[in-house]
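The next block holds one structure in the form of structure tokens; read it before the comments.
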Amino acid sequence: MPAKYDVAVVGGGPGGYVAAIRAAQLGLRTVCIDKRDTLGGTCLNVGCIPSKTLLHTSEMYSYLEHDALEEGIACQKLHLDFPKMMQRKEAIVKGLVDGIAGLFKGNKVDHLIGSAAFVSPHLLEVTHGSQKNEVEAAHIILATGSEPIALPSLTFDEKRIVSSTGALSLAKVPKKMSVIGAGVIGVELASVYRRLGAEVTVIEMLDHICPAMDHAVSRLLLKILEKQGLSFLLSSQVVGAEVKPKHVSLSVKGPNGEAAIEADVVLVAVGRRPYTDGLGLDKAGINKTSKGFVLVDGMFRTNVPHIYAIGDLIEGVMLAHRASEEGVAVAEIIAGKHPHVNYMAIPNVIYTSPEVAAVGLTEQEAKEAGLNITVGTSAFKANARARCVGKTEGFVKVIGEKSSDRLVGMHIVGANASEIIGEGVIAMETKATLTQIAYASHAHPTMSESIKEAAVETLKAKS
Ligand code: NAI
């Protein structure tokens, strides 16, 4: 006899586990199924959390190595204990994934370990080793996330040809590292290993990095990262690869012809794709898009009305916090509520040094949308706090719609951008105007004063 539930959630990442907890809080009998032994999905196990831990430690190491003396801190014998750095990362991941298991217990969500596959639209078979269980549910939420895209001739072995997963668990710092793709994962992990001493070359197909970002942001970030010693080959593609006993040899075709690059480790970070392997979507009759995303309506419903999908599995930016918003929303929809996810108010962060953060439209998107815009910027070199902490690189850019004066986009390159972008998120969520931001008091001295200053800049243009 199958175990019976009101809601079965497939996938225990930031989309799935949040959906499961909310569903249980709303009184629905809920199970969350995940094939990993630990909850938290890609984000906690092999994504956001381990990468941000390594980014933090490597940034401190780089600060002590290059910048501390400037502040009067002399380090006599700086030494990197790489295994310890990795152990700390694993301990942090463990603490957080155990925390989710605790939340499941507290909220009475059942956790089933195993791979779920549809037998029929309401019935899932869950396989864990030789063990099989059946789960029958009135509502099923698919939240199986995404997986890294591989390139032909560069099959992941997670040792020398690595995806982000392997790059977060290397045995040692490579001497030479090639990174294919200058997107979020590319620039974050290239930064980690550059700071730890690797010679890193990033190969990007486009003529600019981080294509989702505002062009002014992308241009400045490129300059800053180059100053930190990263090499970029733009408008370039890997056209051949040979895995040799001690290194990998890449043939890279760029604006000046073809060149060979050797690396100890190659990170392929050219994007991720929705993960539906083995789910048996056909058994439930679920439709996908031509790109393999599960097709849903505005209520996260697939073409099979009791089956929903959220997160990386459906079209949209692949971000943990977006999946979580959708997780809460889908659980509330199932419980008969009417939630709304405001996609314009979902922030996007790149954890380089300095950080990059954005919410709303880029200047290019605003223009393409035909908006009549006003733009204000403020550089951190004019910010007192930035000077005190020695982090003057970057700027804040605010974009407003002229007639309503409403904020439609905020872009920040600078220290703590990931935190202060919260102000932009609240402003977008509450439809705040640039005038309101300009007149709101900001503590002095803080990095966030540059947000106010950027907004003030737009008022000057008006007066
Ligand atoms: P991405 O879409 O951010 O960047 C991929 C890059 O690879 C693009 O610049 C693209 O032009 C380039 N590219 C594609 N094919 C190529 C080829 N054959 N040769 C050279 N360059 C090529 O994807 P990424 O960095 O893999 O990240 C995947 C997802 O994970 C993203 O949607 C991202 O938002 C998410 N993520 C978010 C993080 C954050 O919020 N801080 C951290 C890590 C990942």
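Every number for a ligand or one of its atoms is a count from 1 in the order of the listing. This is a predicted model, so every value here is computed, not measured. Values below: all heavy atoms of this structure, side chains included; hydrogens, waters and symmetry mates excluded.
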Provide the number and element of each atom of ligand 1 under 4.0 Å from a heavy atom of [X].
{"X": "I180", "result": "19 (N), 20 (C)"}
{"X": "K52", "result": "41 (N), 42 (C)"}
{"X": "I203", "result": "20 (C), 21 (N)"}
{"X": "L206", "result": "11 (O)"}
{"X": "Y351", "result": "41 (N)"}
{"X": "L319", "result": "34 (O), 40 (O)"}
{"X": "P211", "result": "8 (C), 9 (O)"}
{"X": "L151", "result": "18 (N)"}

Out of [options], who gets a non-hydrogen atom closest to [atom]?
{"atom": "atom 41 (N) of ligand 1", "options": "L55, V349, I149, V268", "value": "V349"}
{"atom": "atom 37 (C) of ligand 1", "options": "D207, V184, I209", "value": "V184"}
{"atom": "atom 35 (C) of ligand 1", "options": "E188, M318, R322, Q237", "value": "M318"}
{"atom": "atom 1 (P) of ligand 1", "options": "G183, A182, G186", "value": "G183"}

Got the closest protein heavy atom to [atom], with its distance?
{"atom": "atom 23 (O) of ligand 1", "value": "G271 CA, 3.4 Å"}
{"atom": "atom 5 (C) of ligand 1", "value": "A269 O, 3.5 Å"}
{"atom": "atom 16 (C) of ligand 1", "value": "V270 CG1, 3.4 Å"}
{"atom": "atom 7 (O) of ligand 1", "value": "G181 CA, 3.3 Å"}
{"atom": "atom 30 (O) of ligand 1", "value": "R272 CD, 3.7 Å"}
{"atom": "atom 44 (C) of ligand 1", "value": "I185 CG1, 3.3 Å"}
{"atom": "atom 21 (N) of ligand 1", "value": "M205 N, 3.2 Å"}
{"atom": "atom 12 (C) of ligand 1", "value": "E204 OE1, 3.2 Å"}

Electrostatic pair [X]-[Y], nearest N-O below 4.0 angstrom:
{"X": "K94", "Y": "E90", "answer": "no"}
{"X": "E147", "Y": "R273", "answer": "yes"}
{"X": "R22", "Y": "E332", "answer": "yes"}

Please confirm whether V317 approaches ligand 1 to less than 4.0 Å, judged on its heavy atoms.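 The answer is no: ligand 1 sits nowhere under 4.0 Å from a heavy atom of V317.
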
Does at least one non-hydrogen atom of V238 fall below 4.0 angstrom from an atom of ligand 1?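 Checking ligand 1 against V238, which is what was asked, there is no heavy-atom contact under 4.0 Å.
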
How far does CD1 of I333 sit from CE of M299, to the nearest 0.5 angstrom?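 It comes to 4.5 Å.
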
Heavy-atom donor-acceptor pair, [X] side chain to [Y] backbone, under 3.5 Å:
{"X": "R194", "Y": "Q228", "value": "yes"}
{"X": "H208", "Y": "L206", "value": "no"}
{"X": "S236", "Y": "L234", "value": "yes"}
{"X": "S324", "Y": "P14", "value": "yes"}
{"X": "D34", "Y": "L112", "value": "no"}

Answer whether the closest heavy-atom distance between the side chains of [X] and [Y] falls below 4.5 Å.
{"X": "V265", "Y": "Y193", "value": "no"}
{"X": "F380", "Y": "V396", "value": "yes"}
{"X": "L189", "Y": "L168", "value": "yes"}

Anything under 30° is parallel, anything over 60° is perpendicular, the rest tilted; go ahead and classify Y308 against H139.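 Ring orientation of Y308 relative to H139: tilted.
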
Have a look at ligand 1 and work out which part of E355, if any, has a heavy atom under 4.0 Å from it: side chain, backbone, both or neither.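 Under 4.0 Å from ligand 1, E355 contributes no heavy atoms.
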
What's the shortest heavy-atom distance between I113 and R36, and which atoms?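 Looking at all heavy atoms of both residues, the closest pair is CG2-O, 3.7 Å.
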
